[in-house]
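Below you'll find the structure, written out as structure tokens, and then a few comments.
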Amino acid sequence: MFLDTSSDLNLRVCIGQTPKKVIGKDDVAVPSHLYKVILARRSATSPDLLALGAFVVPNNPIGFDHQLPEFQVGIRELEKMSGLVFFPQVNKDKGVQNICEIDTCRLMSLEEFTLYITTRKVRSARTLERLEKIMSELREKGIKPDEYLLKVYKKKEEELAIQKTMEAREGRAG
């Protein structure tokens, strides 16, 4: 989901799981569904609620063919299902907007998700070799890096090149 967090929005999120089923010879408890409740305000100090959304997804892979509104449920329905009261200090019945009417509640496509994960990998690369391997894997998947990933890549490449030069100098000096 892509909420505009460039503004002073204050988001509060609750996550959890719904009733569990027991599976296997060791009776392992596994939740059948996972939930997320999102409360958005203009700022942390604002008493006015901007939007609220509650979502329940099956604890199974859902693929990239679905959109978040397919999993949206009413907050009261989720409270009844979970036995919890979310944000009890907030009046959830007065002037509350559906979060999917403010935001698109659009889930990432496979390509967007791959770019997101690749960007995270680039940020955490510790060597130039690893950095190149990450980008090579992306090319093998046939996905073209977007501008943001290229910017992060260039910055990391410069950072690692400097680090490699300093390590080489230290090696010669020592």
Side-chain angles (χ1 to χ4, degrees), residues 1-5 9-41 44 49-94 96-127 129-146 148-149 152-153 156:
M1 193 167 92
F2 300 104
L3 267 177
D4 178 12
T5 54
L9 279 183
N10 176 263
L11 299 177
R12 297 188 183 220
V13 180
C14 294
I15 58 173
Q17 43 195 284
T18 60
K20 299 170 178 68
K21 58 184 175 184
V22 178
I23 62 170
K25 65 178 181 171
D26 294 327
D27 292 334
V28 176
V30 177
S32 61
H33 291 76
L34 308 170
Y35 66 78
K36 183 175 281 191
V37 180
I38 303 168
L39 170 82
R41 293 183 177 188
L49 183 60
L50 175 63
L52 184 68
F55 305 90
V56 177
V57 297
N59 189 15
N60 296 315
I62 60 168
F64 292 91
D65 298 328
H66 297 280
Q67 289 303 313
L68 200 52
E70 294 174 45
F71 304 104
Q72 191 169 22
V73 297
I75 188 70
R76 300 287 182 220
E77 181 183 347
L78 180 55
E79 287 177 337
K80 192 175 192 179
M81 184 188 319
S82 66
L84 301 171
V85 176
F86 300 98
F87 311 114
Q89 72 284 8
V90 173
N91 182 348
K92 296 176 282 261
D93 298 316
K94 181 182 170 199
V96 178
Q97 289 186 276
N98 177 340
I99 202 160
C100 290
E101 291 173 5
I102 293 174
D103 181 73
T104 62
C105 286
R106 185 179 71 80
L107 296 177
M108 292 180 183
S109 67
L110 176 58
E111 183 173 320
E112 289 169 323
F113 182 72
T114 302
L115 289 170
Y116 168 76
I117 294 298
T118 302
T119 302
R120 290 186 61 168
K121 288 179 181 179
V122 164
R123 281 196 183 113
S124 65
R126 294 186 178 181
T127 65
E129 293 78 17
R130 177 67 183 136
L131 188 64
E132 289 309 315
K133 182 168 175 28
I134 292 165
M135 294 305 281
S136 174
E137 290 169 354
L138 185 65
R139 283 190 297 274
E140 288 172 13
K141 292 177 182 175
I143 298 176
K144 183 179 176 186
D146 60 7
Y148 181 70
L149 174 56
V152 171
Y153 169 80
K156 189 66 171 186

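For the side chain to side chain contact (heavy atoms under 4.5 Å, CB included) test, residues two or more places apart in sequence or in another chain that qualify with P58 are H33, N60, I62, F71. The salt bridge (Lys or Arg N to Asp or Glu O under 4.0 Å) search around E140 returns none, not counting sequence neighbours. When the side-chain hydrogen bond (donor to acceptor under 3.5 Å, both in side chains) test is applied to Q72, the partners found at least two apart in sequence or on another chain are N98. For E70, there are no salt bridge (Lys or Arg N to Asp or Glu O under 4.0 Å) partners two or more places apart in sequence or in a different chain. Listed by chain and residue number, E129, R130 satisfy the side chain to side chain contact (heavy atoms under 4.5 Å, CB included) test with T127 (two or more places apart in sequence, or in another chain). Y148 meets the side chain to side chain contact (heavy atoms under 4.5 Å, CB included) test with T119, R123, D146, V152; sequence neighbours excluded. R12 meets the side chain to side chain contact (heavy atoms under 4.5 Å, CB included) test with N10, L39, F87; sequence neighbours excluded. Evaluation of the side-chain hydrogen bond (donor to acceptor under 3.5 Å, both in side chains) rule for S109 yields E112 as partners, not counting sequence neighbours. Considering only residues two or more places apart in sequence or on other chains, K141 meets the side-chain hydrogen bond (donor to acceptor under 3.5 Å, both in side chains) condition with none of them. The ring-ring contact (aromatic ring centres under 6.0 Å, His included) search around Y153 returns none, not counting sequence neighbours. Every salt bridge (Lys or Arg N to Asp or Glu O under 4.0 Å) that K156 has, sequence neighbours left out, goes to E159.
Counting heavy atoms from C-beta outward, I143 and L115 have side chains that approach closer than 4.5 Å. In this structure, M135 and P145 have side chains that are in contact, with non-hydrogen atoms separated by less than 4.5 Å. With contacts defined as side-chain heavy-atom distances shorter than 4.5 Å, the pair Y35/T18 qualifies. The shortest side-chain heavy-atom distance between L149 and V122 falls under the 4.5 Å cut-off.
A pairwise comparison of heavy atoms in C105 and L68 identifies O-CB, 3.0 Å as the closest pair.
Within a 6.0 Å radius of CZ in F64, more than 12 heavy atoms belonging to other residues, nucleotides or ligands are found.
Residue pairs meeting the side-chain hydrogen bond (donor to acceptor under 3.5 Å, both in side chains) criterion with at least one member in residues 76-85, sequence neighbours excluded, are R76-E79, R76-D93, E79-K92.
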